[in-house]
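One structure below.
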Amino acid sequence: MPSGQQARAQAAAITPGRGSAEPASAPADRVRALFGGHRLSPAQRRIAQYMIDHLTEAAFLSITDLAERVGVSQPSVTRFATSLGFSGFPALREALQPIALSAVAGSPDVREDRRNELQAAVDAEIDNLESLRRVLADTDQVLDMGRELARSVPLTILGLRISVSLAEYFAYAARRIHPDVRVVTRGGSVSYDTLLQAREAGGTWVLAFAMPRHARETLAAIRAARGVGLKVALITDLALGSLVEEADVAFTAGTGSRLVFDSYAAPQLLSASLLQAMADADPERTQLRLEGYEQAAEQHNFFLED
């Protein structure tokens, strides 16, 4: 009889393809599409990220107010708009306004007026999960990435500073279904050594986590991985920027930022989805490894009786 975890691995297998009941694209995705395919300067990326994060506000700001909110000059906003192919900022704003209005129309009409800060933090995470749910309507990218990560032997997981916990969670679970998982939680030459050894041992992919505040050493480690011949899949809260540009594949999942320290409900669920896709990619190996683990757990009495 399969263990509870084995049964979950089988029952939760991901079905390829897009669910017909989901919207074709969320407002934030439509905004990203406006920016996609354009080489943006650091200042322009800040403007783009602000517009994605504050769509319903940014679409109705004057050029003066937007420049002040982002911390750039008014000419920088104008150059940003023209670099996207618009005649100027008013034309870009005109394109954004219908998208912003659709976002307002699609949001719940009523939310608790009287809520405390903890409830507000939960609401923000629910919004992050709703956004991730829309992204996961098309399962193809997750399934494809799961196959690639499953084939990479060894598989390297990278997470520095605040992202260590996400990397260690993923690696702990991945070891149940993958024969060789290595973790990088320190930057500098130590990370380079591990990445180089993984490539020399036959590894092809690194899965990296980059949560706020985004560390320079994470960018350096991703570049080092690319430098030794590894491909990089990135889980981050960013839609744009140097970390995303350096990665071969990037998955975006919002973080909760209403409390002193961020929370990671959406990145955690995205991680679990990739783990499921890895399990689906090689079901025979998954079954054998889970059975072997259960035998070891029983032999050495790892767990308390429920």
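Checked by atom type and distance alone, the side chain of Thr236 pairs as donor or acceptor with a backbone atom of Ala210 at under 3.5 Å. Between the Thr255 side chain and the Ser263 main chain, no donor and acceptor come within less than 3.5 Å of each other. For the pair Ser83 (side chain) and Phe80 (backbone), a donor-acceptor distance under 3.5 Å is present. Looking only at distances, a side-chain donor or acceptor of Gln97 sits under 3.5 Å from a matching main-chain atom of Ala59. Using modelled atom types, one side-chain atom of Arg45 and one backbone atom of Leu40 make a donor-acceptor pair closer than 3.5 Å. At distances below 3.5 Å, not a single donor-acceptor pair connects side-chain atoms of Arg258 with backbone N or O atoms of Asp123. Using a distance-only test at 3.5 Å, with no hydrogens or angles considered, no donor-acceptor pair links the side chain of Ser131 to the main chain of Asp127. With hydrogens and angles ignored, the 3.5 Å screen pairs no side-chain donor or acceptor of His178 with any backbone N or O of Ala174. Checking side-chain atoms of Glu125 against main-chain N and O of Ala265 turns up a donor-acceptor pair under 3.5 Å.
Criterion: ILVMFWY side-chain heavy atoms under 4.5 Å apart, direct or through other members. Under it, Phe89 and Leu84 are part of a common hydrophobic cluster. Note on Ile235 and Leu136: same hydrophobic cluster, where clusters join Ile, Leu, Val, Met, Phe, Trp and Tyr whose side-chain heavy atoms are under 4.5 Å apart, directly or indirectly. Under the 4.5 Å side-chain heavy-atom criterion for ILVMFWY residues, a single connected hydrophobic cluster contains both Ile177 and Val181. Hydrophobic clustering places Val31 together with Leu66 (ILVMFWY residues linked when any side-chain heavy atoms are closer than 4.5 Å, directly or through intermediates). Residues Leu275 and Val206 do not share a hydrophobic cluster, clusters being chains of Ile/Leu/Val/Met/Phe/Trp/Tyr side chains in contact below 4.5 Å.
To the nearest 0.5 Å, atoms CZ (Arg285) and CG (Leu290) are separated by 11.0 Å. The OH atom of Tyr50 lies 11.0 Å from the CG atom of Leu55; values are rounded to the nearest 0.5 Å. In this structure, Asp237 CG and Asp262 CG are separated by 8.0 Å, a value rounded to the nearest 0.5 Å. Atom-to-atom distance recorded for Thr252:OG1 and Leu132:CG is 10.0 Å, nearest 0.5 angstrom. Residue Ile47 holds its CD1 atom at 9.5 Å from CG of Leu92, rounded to the nearest 0.5 Å. Here the CZ-CE distance, from Arg176 to Met278, works out to 13.0 Å after rounding to the nearest 0.5 Å.
Inter-residue side-chain proximity for Leu118 and Leu259 is flagged as met; some heavy-atom pair is nearer than 4.5 Å. Residues Val183 and Tyr172 form no side-chain contact, since every pair of their non-hydrogen atoms from C-beta on lies 4.5 Å or further apart. Between Leu243 and Leu238 there is a side-chain heavy-atom pair separated by less than 4.5 Å. Considering only heavy atoms from C-beta on, Val164 stays 4.5 Å or farther from Tyr169 through its side chain. Side-chain contact between Arg161 and Glu217: present, with at least one pair of heavy atoms (C-beta onward) separated by less than 4.5 Å.
Across all their heavy atoms, Arg46 and Val70 have their closest contact at NH2-O, 2.8 Å. Scanning all heavy atoms of the two residues, the minimum distance from Leu234 to Ala247 falls at CB-CB, 3.7 Å. Across every non-hydrogen atom of Val244 and Ala250, the tightest pair is CG1-CB, 4.0 Å. Listed here is the closest heavy atom pair of Leu274 and Phe251: CD2-CZ, 4.3 Å. When every heavy atom of Ala239 is checked against every heavy atom of Ile52, the shortest pair comes out as CB-CD1, 4.0 Å. Of all non-hydrogen atoms in Pro212 and Tyr264, the two that sit nearest each other are O-OH, 4.1 Å.
In terms of the side chain to side chain contact (heavy atoms under 4.5 Å, CB included) criterion, residue partners of Ser76 (sequence neighbours excluded) are, by chain and number, Val72, Ser73, Arg79. Every residue two or more places apart in sequence or in another chain was checked for a ring-ring contact (aromatic ring centres under 6.0 Å, His included) with Phe209, and none qualifies.
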Q: Could you check Ser163 against Thr218 for side chain to side chain contact (heavy atoms under 4.5 Å, CB included), going step by step and ending with a plain yes or no?
A: CA-CA 10 Å; Ser163 301; Thr218 300; 5.9 Å; no
(Q) Go through it in stages, so that I can follow the logic: the residues are Leu240 and Phe35, the test is side chain to side chain contact (heavy atoms under 4.5 Å, CB included), and I'd like the CA-CA distance, side-chain angles, deciding distance and then a yes or no. (A) CA-CA 9 Å; Leu240 301 164; Phe35 306 150; 4.3 Å; yes
Q.
If you apply the rule side chain to side chain contact (heavy atoms under 4.5 Å, CB included), what do you find for Glu246 with Val232, and how did you get there?
A. CA-CA 8 Å; Glu246 289 289 341; Val232 177; over 6 Å; no
**Q.** Candidate pair Thr185 and Glu168, rule side chain to side chain donor-acceptor pair (under 3.5 Å), full reasoning
**A.** CA-CA 8 Å; Thr185 57; Glu168 290 186 336; 4.9 Å; no
Q: With side chain to side chain contact (heavy atoms under 4.5 Å, CB included) as the test, would you mind laying out the steps for Leu207 and Phe170 before giving the verdict?
A: CA-CA 9 Å; Leu207 176 64; Phe170 193 97; 3.5 Å; yes
Q: Could you please spell out the steps behind the side chain to side chain donor-acceptor pair (under 3.5 Å) verdict for Gln295 and Gln299?
A: CA-CA 6 Å; Gln295 291 172 5; Gln299 178 182 354; over 6 Å; no
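Of the N and O atoms on the side chains of Gln276 and Asp280, at least one donor lies less than 3.5 Å from an acceptor on the other residue. A donor atom on one side chain and an acceptor atom on the other are found under 3.5 Å apart for Asp65 and Ser62. There is no side-chain donor-acceptor pair under 3.5 Å between Asp144 and Gln141.
Heavy atoms from other residues, nucleotides or ligands lying under 6.0 Å from CD of Glu94 number 12 at most. Within a 6.0 Å radius of CZ in Phe261, no more than 12 heavy atoms belonging to other residues, nucleotides or ligands are found. For CG of Leu34, the number of neighbouring non-hydrogen atoms (other residues, nucleotides, ligands) closer than 6.0 Å is greater than 12. Around the CD atom of Glu298, the shell of radius 6.0 Å holds no more than 12 heavy atoms that belong to other residues, nucleotides or ligands. Within 6.0 Å of CD on Glu245 lie more than 12 heavy atoms contributed by other residues, nucleotides or ligands.
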Distance-only donor-acceptor pairs under 3.5 Å for side chains of residues 153-160, two or more places apart:
none

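Taking a cutoff of 4.0 Å between a charged side-chain nitrogen and a carboxylate oxygen, Glu284 and Arg289 do not qualify as a salt bridge. Salt-bridge check for Asp248 with Arg226: passed, with a basic side-chain N closer than 4.0 Å to an acidic carboxylate O. A salt bridge is defined here as a Lys NZ or Arg NE, NH1 or NH2 lying under 4.0 Å from an Asp or Glu carboxylate O, and Glu148 with Lys231 fails to meet this definition.
Here the options are Thr194, Leu195, Leu196, Val190, the test is side-chain contact (heavy atoms from CB on, under 4.5 Å), and the partner is Tyr192; only Leu196 passes.
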